[in-house]
Amino acid sequence: MAQAENTKGSEAPWHAKYPAPTYVPSEISREDALAMLKDPSQVAGRDYVLVDVRRNDFEGGTIRGSVNFPAQTLYPTRPAIFQMVKAAGIKQVIFYCGSCNGRGPRAAAMFGDYLEEQQFDGARSMILTGGIKGWAKAGKEYVDLMDEYDASVWSRT
């Protein structure tokens, strides 16, 4: 078992095969995101899109209306995501992972770089401050806006 752990520990991180992003995404607080989700004039898939970039830890629920694009596959799918965002006229692409300390910010930066490469200023690539963990632990009004919410998952984190 220790040998397998050493082998895994020596593997390059998933993002090492892609260019390091340079874009610095802005952040949206969970309070502002909650207000946006509750605002009937703001429509998911039209005005904004929430992108959950978790893969193996995609459990416990997700914010209602989110799409799942695992961070590990985001880089090669940026052109397709861009076309969807552009065609729909989406203004905010909000990425999140577990705590938004790694995958979420990196994915948002990768997508932000792509927006800049396309010279497209019609959308912003952003990060949800605190990620899904912060959202799930923020109280009832937040978890009420989660699909497949499982309280037992969040009690372990």
Side-chain angles (χ1 to χ4, degrees), residues 1-18 20-21 23-40 42-78 80-82 84-85 88 90-112 114 123-157:
M1 184 71 142
Q3 186 176 4
E5 289 174 359
N6 288 339
T7 302
K8 184 174 182 177
S10 65
E11 290 178 15
W14 65 269
H15 53 82
K17 62 184 172 183
Y18 304 119
Y23 180 84
V24 178
S26 57
E27 294 187 22
I28 183 168
S29 70
R30 77 175 146 261
E31 295 82 10
D32 288 344
L34 178 68
M36 189 173 58
L37 266 70
K38 289 183 168 186
D39 182 348
Q42 297 282 314
V43 179
R46 183 192 74 197
D47 300 303
Y48 64 90
V49 64
L50 291 158
V51 182
D52 187 340
V53 298
R54 295 175 296 156
R55 180 177 68 176
N56 297 337
D57 56 339
F58 189 73
E59 62 180 354
T62 191
I63 301 169
R64 185 159 302 139
S66 295
V67 295
N68 181 241
F69 289 110
Q72 295 83 350
T73 61
L74 183 79
Y75 190 85
T77 60
R78 295 179 316 157
I81 297 168
F82 170 71
M84 288 185 282
V85 166
I90 293 169
K91 305 289 184 229
Q92 296 175 313
V93 184
I94 304 164
F95 292 86
Y96 67 90
C97 59
S99 60
C100 278
N101 289 324
R103 291 169 293 178
R106 184 172 301 275
M110 286 177 169
F111 191 68
Y114 193 81
R124 294 185 332 178
S125 186
M126 306 174 73
I127 307 163
L128 175 64
T129 305
I132 190 70
K133 288 179 183 176
W135 185 277
K137 292 182 175 191
K140 182 174 175 12
E141 65 182 331
Y142 291 88
V143 299
D144 283 350
L145 290 173
M146 288 179 69
D147 292 328
E148 299 186 26
Y149 174 70
D150 180 353
S152 68
V153 171
W154 304 110
S155 65
R156 296 185 302 229
T157 60

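FYI, side chains are in, hydrogens and waters are out, and symmetry mates aren't considered; it's all heavy atoms of this structure.
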For this session: Begin with the C-alpha distance, continue with both residues' side-chain angles, and end with the deciding distance and a verdict on side chain to side chain contact (heavy atoms under 4.5 Å, CB included) for T73 and R55.
Result: CA-CA 10 Å; T73 61; R55 180 177 68 176; 5.7 Å; no
For this session: Quick one: do Y149 and W154 satisfy side chain to side chain contact (heavy atoms under 4.5 Å, CB included)? Show the steps, please.
Result: CA-CA 9 Å; Y149 174 70; W154 304 110; 3.3 Å; yes
For this session: Carefully, step by step, assess V49 and I81 under the rule side chain to side chain contact (heavy atoms under 4.5 Å, CB included).
Result: CA-CA 11 Å; V49 64; I81 297 168; over 6 Å; no
Exercise. Could you walk me through whether I132 and M146 pass the side chain to side chain contact (heavy atoms under 4.5 Å, CB included) check?
Worked result: CA-CA 10 Å; I132 190 70; M146 288 179 69; 3.8 Å; yes
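Every residue meeting the ring-ring contact (aromatic ring centres under 6.0 Å, His included) condition with Y18, not counting sequence neighbours, appears here in chain and number order: Y75.
The closest side-chain heavy-atom distance from R54 to T62 is below 4.5 Å. Within the 4.5 Å cutoff, the side chain of Y142 has heavy atoms near those of the E31 side chain. The closest side-chain heavy-atom distance from N68 to P70 is below 4.5 Å. The side-chain heavy atoms of R103 and H15, taken from C-beta on, include no pair separated by under 4.5 Å.
Note: S29 OG to M36 CE = 9.5 Å, rounded to the nearest 0.5 Å. Atom CD1 of I90 is separated from atom CE of M84 by 8.5 Å, given to the nearest 0.5 angstrom. Taken to the nearest 0.5 Å, the CD1 atom of I94 stands 12.0 Å off from the CD atom of E27.
Counted within 6.0 Å of CD on E148, heavy atoms from surrounding residues, nucleotides or ligands total 12 or fewer; the atom is thus considered open.
In this structure a side-chain-to-backbone donor-acceptor pair under 3.5 Å is missing from S125 to P25. With T77 contributing its side chain and A80 its backbone, the two residues share no donor-acceptor pair below 3.5 Å. Without hydrogens or angle criteria, T129 side chain to I28 main chain gives a donor-acceptor distance under 3.5 Å. Counting only distance, with no hydrogens or angles, the side chain of D47 and the backbone of V43 share a donor-acceptor pair below 3.5 Å.
Contact between A107 and F95 at its shortest, heavy atoms only, is CB-CD2, 3.9 Å. The shortest heavy-atom contact between C100 and G130 is CB-N, 4.3 Å. In terms of heavy-atom proximity, G104 sits nearest to C97 at N-SG, 3.2 Å. Closest of all the heavy-atom pairs between Q92 and M126 is NE2-SD, 3.7 Å. The shortest heavy-atom contact between A33 and L128 is CB-CD1, 3.8 Å. Contact record, R30 with W135: O-CZ3, 3.7 Å, taken as the closest heavy-atom pair.
Among L50, V53, V51, the single residue meeting the side-chain contact (heavy atoms from CB on, under 4.5 Å) criterion with V67 is V51.
For the residue pair D52 and S66, no side-chain donor N or O sits within less than 3.5 Å of a side-chain acceptor on the partner.
A salt bridge links R64 to D147: at least one charged side-chain nitrogen sits closer than 4.0 Å to a carboxylate oxygen.
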